[in-house]
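Inspection log for the structure reproduced underneath, given as structure tokens.
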Number of protein chains: 2
Amino acid sequence: MNIQEFAELTQISAHTIRYYEKIGLLRNINRNSSGHRAFTKNDIVWTDFIKRLKDTGMSLQDIRRYADLREEGEHTAKLRMQLLQAHTKILEERIAIETLHLQKLKEKIKFYDTLIID
Amino acid sequence: MNIQEFAELTQISAHTIRYYEKIGLLRNINRNSSGHRAFTKNDIVWTDFIKRLKDTGMSLQDIRRYADLREEGEHTAKLRMQLLQAHTKILEERIAIETLHLQKLKEKIKFYDTLIID
DNA sequence: GCTTGACTTTGAGTATGCTCTAAGTTGTAG
DNA sequence: CTACAACTTAGAGCATACTCAAAGTCAAGC
């Protein structure tokens with residue numbers, strides 16, 4: 001599929017997709033005879049994973065490091081798993097903090113509620 | 001207290017504190033006879049609240065709008081409460097999404113685990 | 001009274017993650 | 001065969017949130 005279809009499916013702009021390729025997040029994207037990018041289903045799977053890492057607060061630089069390891073092959077699988085484990089730990093901590101923040105905000109709202117009578 | 005003590009207590013650099021004042025997050029900071037900022041306990045309470053909003057993903061611009069309303073006085077209390085309610089909703093949604101991401105990452109780790117035997 | 005150190009201001013510089021522009025190429029439709 | 005839309009690249013520009021630099025002020029200690 002071409003870049004527009006891929007952009008549609010992944011919900012990432014064509015600009016950003018090219019940018020992701022430029023900084024090494026996307027690799028080995030096929031090209032057709034006219035030099036246009038030809039994306040595959042595998043590219044979608046990988047891109048969705050990039051989105052997941054990004055949405056959970058991983059920097060593009062760190063995602064790129066993961067992509068580097070992926071490129072190096074099977075022998076880096078254990079290391080990649082460890083990186084993912086470290087990341088889930090950070091994520092768990094963030095969810096815990098956000099849950100606390102949420103509770104505090106709700107307390108503040110409750111306090112506002114006692115002040116406002118109308 | 002001076003800016004260094006305040007920076008220590010709030011865990012925000014003096015640079016950033018001045019920046020926050022410049023963009024209107026901090027207001028009416030007292031000054032001593034030499035023109036140096038003299039922070040109060042109230043400033044700490046408000047700054048901690050700024051941190052909470054920021055840590056839950058609110059932009060400095062939106063925090064500034066909240067600060068504007070706060071400055072306008074009591075009659076904006078209801079509106080501020082509504083802004084906070086809207087923000088808690090966004091936060092709840094984000095926590096839900098992150099929890100899903102966490103689950104998916106753990107599934108991927110489990111999958112790595114079946115691949116790696118050593 | 002002069003040095004020292006912490007403060008002050010204005011404005012410039014930086015990192016991240018896009019986002020867009022300019023100039024050019026290619027493939028299909030009329 | 002030419003117009004046109006969609007692609008290509010390199011590189012500039014932008015928003016956010018800092019972060020720092022330069023030049024100056026001020027109070028306390030020697």
Side-chain angles (χ1 to χ4, degrees), chain A residues 1-40 43-44 46-68 87 90 94 97 101, chain B residues 1-40 43-44 46-68 87 90 94 97 101:
Chain A
M1 77 197 77
N2 68 13
I3 199 164
Q4 277 316 317
E5 284 177 76
F6 188 72
E8 181 66 31
L9 284 170
T10 57
Q11 289 294 294
I12 299 177
S13 79
H15 281 310
T16 303
I17 291 161
R18 293 195 195 97
Y19 170 68
Y20 280 5
E21 191 184 19
K22 185 155 68 176
I23 65 170
L25 264 46
L26 300 174
R27 317 258 177 121
N28 310 318
I29 302 298
N30 293 333
R31 301 285 177 139
N32 67 17
S33 54
S34 8
H36 295 188
R37 291 171 185 80
F39 296 91
T40 66
D43 294 328
I44 292 178
W46 170 237
T47 303
D48 283 345
F49 187 61
I50 290 174
K51 281 170 68 183
R52 192 185 302 290
L53 292 179
K54 190 175 111 55
D55 284 358
T56 52
M58 190 182 282
S59 70
L60 300 190
Q61 198 169 103
D62 284 353
I63 297 172
R64 197 230 139 102
R65 278 193 265 275
Y66 188 94
D68 286 345
H87 187 59
I90 289 167
R94 221 196 20 261
I97 290 167
H101 281 316
Chain B
M1 79 198 76
N2 67 15
I3 199 163
Q4 279 313 320
E5 284 176 77
F6 188 72
E8 180 66 30
L9 283 170
T10 58
Q11 290 294 294
I12 299 178
S13 78
H15 281 308
T16 302
I17 291 161
R18 293 195 194 97
Y19 169 69
Y20 280 5
E21 192 184 19
K22 184 155 70 176
I23 64 171
L25 264 45
L26 300 174
R27 318 257 178 121
N28 309 317
I29 301 297
N30 293 333
R31 300 287 178 136
N32 67 16
S33 55
S34 8
H36 295 189
R37 291 170 185 81
F39 296 89
T40 66
D43 295 328
I44 292 178
W46 170 237
T47 302
D48 283 346
F49 186 60
I50 290 174
K51 282 171 66 184
R52 191 184 302 290
L53 293 178
K54 191 175 110 56
D55 283 358
T56 53
M58 192 182 281
S59 70
L60 299 191
Q61 198 168 101
D62 284 353
I63 297 172
R64 198 232 140 103
R65 279 193 265 273
Y66 188 94
D68 287 344
H87 187 59
I90 290 167
R94 226 205 7 269
I97 291 167
H101 280 319

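For the numbers below, each heavy atom of this structure counts, side chains included, while hydrogens, waters and symmetry mates do not. Not measured: the values here are computed from a predicted model.
In terms of phosphate contacts, A:R37 brings a side-chain nitrogen or oxygen within less than 4.0 Å of OP1 or OP2 of D:dT8. For C:dG27, the OP1/OP2 oxygens have a side-chain nitrogen or oxygen of A:S34 closer than 4.0 Å. In this structure, A:R31 reaches the D:dT9 phosphate: one of its side-chain N or O atoms is under 4.0 Å from OP1 or OP2. OP1 or OP2 of D:dC18 sits under 4.0 Å from a side-chain N or O of B:K54. Checking the phosphate oxygens (OP1, OP2) of C:dC18, a side-chain nitrogen or oxygen of A:Y20 falls inside 4.0 Å.
Between B:L60 and B:Y20, the closest side-chain pair of non-hydrogen atoms falls below 4.5 Å. Side-chain atoms of B:L53 and B:H87, non-hydrogen and from C-beta on, do get closer than 4.5 Å to each other. You'll find the side chain of A:K51 reaches within 4.5 Å of the side chain of A:Q11, heavy atoms only. A heavy-atom distance below 4.5 Å is not found between the side chains of A:D55 and B:I97.
Ring geometry for A:Y66 versus A:W46: interplanar angle under 30°, hence parallel rather than tilted (30 to 60°).
Comparing A:H36 and A:H15, the nucleotide of DNA chain C nearest to each residue sits closer to the 5' end for A:H15. Nearest-nucleotide mapping onto DNA chain D: of B:G35 and B:S59, the residue sitting toward the 5' end is B:S59.
We find that OH of A:Y19 is positioned 15 Å from P of C:dC20, with the value rounded to whole Å. What separates CZ of A:F39 from C1' of D:dT8 is a distance of 12 Å, to the nearest Å. We find that CG of B:N2 is positioned 12 Å from C1' of C:dG5, with the value rounded to whole Å. Straight-line distance from the CD1 atom of B:I23 to the P atom of D:dA15: 15 Å, rounded to whole Å. When the P atom of D:dT19 is taken as reference, atom CZ of B:R18 falls 14 Å away, rounded to whole Å. Atom-to-atom, CG of B:D55 to P of D:dA17 comes out at 12 Å; the value is rounded to the nearest Å. Across the protein-nucleic acid pair, B:I63 atom CD1 and D:dC18 atom C1' stand 14 Å apart, rounded to whole Å. Between the CD atom of B:E21 and the C1' atom of C:dG11 there is a distance of 17 Å, rounded to whole Å.
Nearest to the side chain of A:L60, among C:dT10, D:dT8, C:dG17, sits C:dG17.
Counting non-hydrogen atoms under 4.0 angstrom, A:I3 reaches the backbone sugars and phosphates but no base.
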